Amino acid sequence: MMNSQKYTRQFFKAPDTGHRWADKTYIDHAPVWCSVDLRDGNQALVVPMDMETKLKFFQLQVKIGFKEIEVGFPAASETEYDFLRALIERNMIPDDVTVQVLTQAREHIIRKTFEALKGCKNAIVHVYNSTSKAQRDQVFRKSKEEIKQIAVEGAKLLQNLTDEAGEKYRFEYSPESFTGTEPEYALEVCNAVLDVWKPTPDRKAIINLPSTVQLSVPSVYADQVEYISDNLKYRENVVLSLHPHNDRGTGVADAELGELAGADRIEGTIFGNGERTGNVDIVTLALNMYSQGVDPKLHLDDMPDIVDKYQDYTGMTVNPRTPYGGSLVFAAFSGSHQDAISKGMHYRKEQNTDLWTVPYLPIDPTDISRSYDADVIRINSQSGRGGIGFILEHDFGLRLPKALASAIRDEVKLESEHQHKELTPNEIFDLFIDRFEDVRKPYGISHVTFRQHNGIIATITTQFGNRSAEITASGNGRLNAVSNALKKAYGLEYDLDTYEEHALEKSSSSRAIAYVGVRSRKSGVLYWGAGVDVDIIRASVSALLTAVNNMVNAEDTALSE
């Protein structure tokens with residue numbers, strides 16, 4: 001039985017800094033990104049990546065545009081050690097990319113880390129020790145002063161080993177379990193570390209504030225970050241970094257509010273893989289910025305390829321509803337959503353605007369190599385005429401009258417329910433042809449001639465069953481004259497209700513399509529037909545014939561029932 005009384009709040013409120021972050025409404029520039037997929041993400045996999053897979057993943061991260069990549073914990077295992085050596089010895093690290101290695105603030109681990117780094121041009125050595133009250137009391141059983149001294153001694157050893165190696169490695173310190181640490185004490189430890197390193201403009205230090213376990217609402221974390229940012233020594237020479245986890249499901253919110261609170265850098269993983277519920281999802285953070293008109297400085301334009309490679313390398317799956325990357329995140333099945341998207345797309349075209357404000361789509365899916373037909377307008381029994389009309393126009397060049405769009409919607413709904421599945425654009429188009437363009441029974445017309453005399457006189461050769469007849473009738477136009485000939489031949493009772501036509505822009509030839517609606521005098525129902533031909537008259541006659549046949553077939557079926 002659940003008992004909430006066994007829990008208490010484990011975070012510590014930061015001293016009041018005025019909550020200045022709350023006055024900001026958006027992030028106006030990209031942070032420094034550091035991918036930790038190869039370390040934090042890898043250690044969270046059921047089956048960690050092997051050497052060659054990690055090398056391929058590293059290359060993907062470079063292609064995406066990460067300039068800082070945490071490649072592992074080289075003192076933790078031979079695989080981690082060998083991976084870093086392979087990157088260095090195979091000369092796989094571009095000159096503009098800095099690799100980051102993680103080490104605990106323990107002497108033998110730090111020394112092994114520096115062995116692994118030999119020959120590396122650009123590196124960040126990331127040292128950490130846990131500072132939270134829970135860890136101090138329960139795990140280490142040490143005082144605040146003793147824990148601070150661990151951090152200071154680790155910082156000194158990093159400095160000494162770097163000097164001995166004749167390198168200019170950059171340093172990063174994390175008070176691990178920062179979210180469970182008293183903010184004043186976390187600041188004290190960080191400043192003690194900075195006093196060892198004495199960062200300069202050309203060799204800045206990184207102070208990283210990990211939300212190792214989320215313990216509060218994001219606003220509390222933002223206050224903690226703002227407090228540290230305001231009170232760090234050497235602040236102008238410090239890159240303030242965040243490493244949010246996702247235990248409470250608010251990793252993205254923690255990162256975004258933390259940036260507003262003064263953070264300069266974000267550590268995370270693509271799609272949020274990591275211990276427990278994962279790290280912050282960098283794809284989501286970056287494309288959230290992009291949707292606000294801010295360049296995230298990452299190359300995410302081929303999202304399907306990134307997703308495929310990520311899944312292949314890690315064995316993980318990207319949930320269909322994962323923001324931006326998921327297969328269904330742009331999908332609109334709802335009729336009202338589809339209609340709004342369709343109208344939004346038409347509005348952009350009418351207004352000739354480059355600004356993206358289409359309802360229900362926070363970014364243009366094509367910006368990340370997703371398509372409107374396969375990824376956005378998805379058609380099933382819940383779909384409306386707007387979405388179906390959009391598919392037929394976008395993919396096949398058809399601009400349906402509203403009533404015809406409603407008619408094909410009804411047909412699609414029945415077909416989707418019958419097959420218990422989503423219909424593809426080609427299946428929808430085939431259904432349109434079958435129901436509204438290619439209905440040749442019970443009546444047929446094989447030949448039509450026209451002459452002008454007090455209007456238009458049409459002579460049609462029409463078929464019904466095995467019988468053929470030649471019928472002549474007049475009308476106030478060619479289509480009207482053909483319609484009157486059909487009525488005369490078979491005693492049909494209907495009125496021409498709607499006629500529309502347009503060129504088929506998607507066609508490879510100069511074909512046109514005509515839409516004809518006839519309204520039955522018996523039932524008052526509107527029946528539709530469409531015809532396609534290089535000659536608009538032939539297209540119109542074909543559309544009329546299909547509409548009439550649809551009417552006759554429907555009313556005969558109704559009588560037989």
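By convention here, the first residue in the shown sequence is residue 1. As a basis for the values below, the full set of heavy atoms in this structure was taken, side chains included, without hydrogen atoms, waters or symmetry mates. Predicted, not measured: the structure shown is a model, and the values here were computed from it.
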Item to check | Greater than 12 external heavy atoms within 6.0 Å of F11's CZ | outcome: yes

- Task: Taking the side chain as every heavy atom from C-beta outward, state whether F58 and V99 have any atom pair closer than 4.5 Å.
- Result: yes

Check: S35/D37 side-chain N/O donor and acceptor closer than 3.5 Å:
yes

- Would you say the side chains of R235 and S229 form a donor-acceptor pair under 3.5 Å? yes

task: Using the six-membered ring wherever Trp is involved, compare the ring planes of Y313 and F57 and label them parallel, tilted or perpendicular (cut-offs 30° and 60°).
output: tilted

Query raised in the report: Do N129 and Y173 pass the side-chain contact (heavy atoms from CB on, under 4.5 Å) test, and can you show the C-alpha distance, the side-chain angles, and the key distance before you say yes or no?
Result: CA-CA 8 Å; N129 68 309; Y173 172 70; 2.6 Å; yes

Step by step, work out the salt bridge (charged side-chain N to carboxylate O under 4.0 Å, His left out) result for E68 and R170. CA-CA 12 Å; E68 296 182 3; R170 294 168 57 206; 3.2 Å; yes

Item to complete: Answer yes if the side chains of Q135 and S177 hold a donor-acceptor pair under 3.5 Å, and no otherwise.
Response: no

(Q) Tell me whether the count of non-hydrogen atoms from other residues, nucleotides or ligands lying under 6.0 Å of CZ in F140 goes above 12. (A) yes

Q. Does a salt bridge link D223 with K13, judged by any charged N lying under 4.0 Å from a carboxylate O?
A. no

For W21 and A222 the tightest heavy-atom approach is CE2-CB, 3.6 Å

D305/K63 ion pair, N-O < 4.0 Å: yes

Handout entry: Ionic contact status for E80 with K54, cut-off 4.0 Å
Key = yes

Next on the checklist: With no hydrogens and no angle check, just 3.5 Å: does a side-chain donor-acceptor pair link H418 and H420?
Outcome noted: no

key: Quiz item: cation-pi between R203 and F171, 6.0 Å / 45°   = yes

Exercise. Start with the C-alpha distance between R265 and E70, add both sets of side-chain angles, then the distance that settles salt bridge (charged side-chain N to carboxylate O under 4.0 Å, His left out), and finish with yes or no.
Key: CA-CA 13 Å; R265 181 178 185 267; E70 189 168 84; over 6 Å; no

Is there a donor-acceptor contact under 3.5 Å linking the side chains of T322 and N319? no

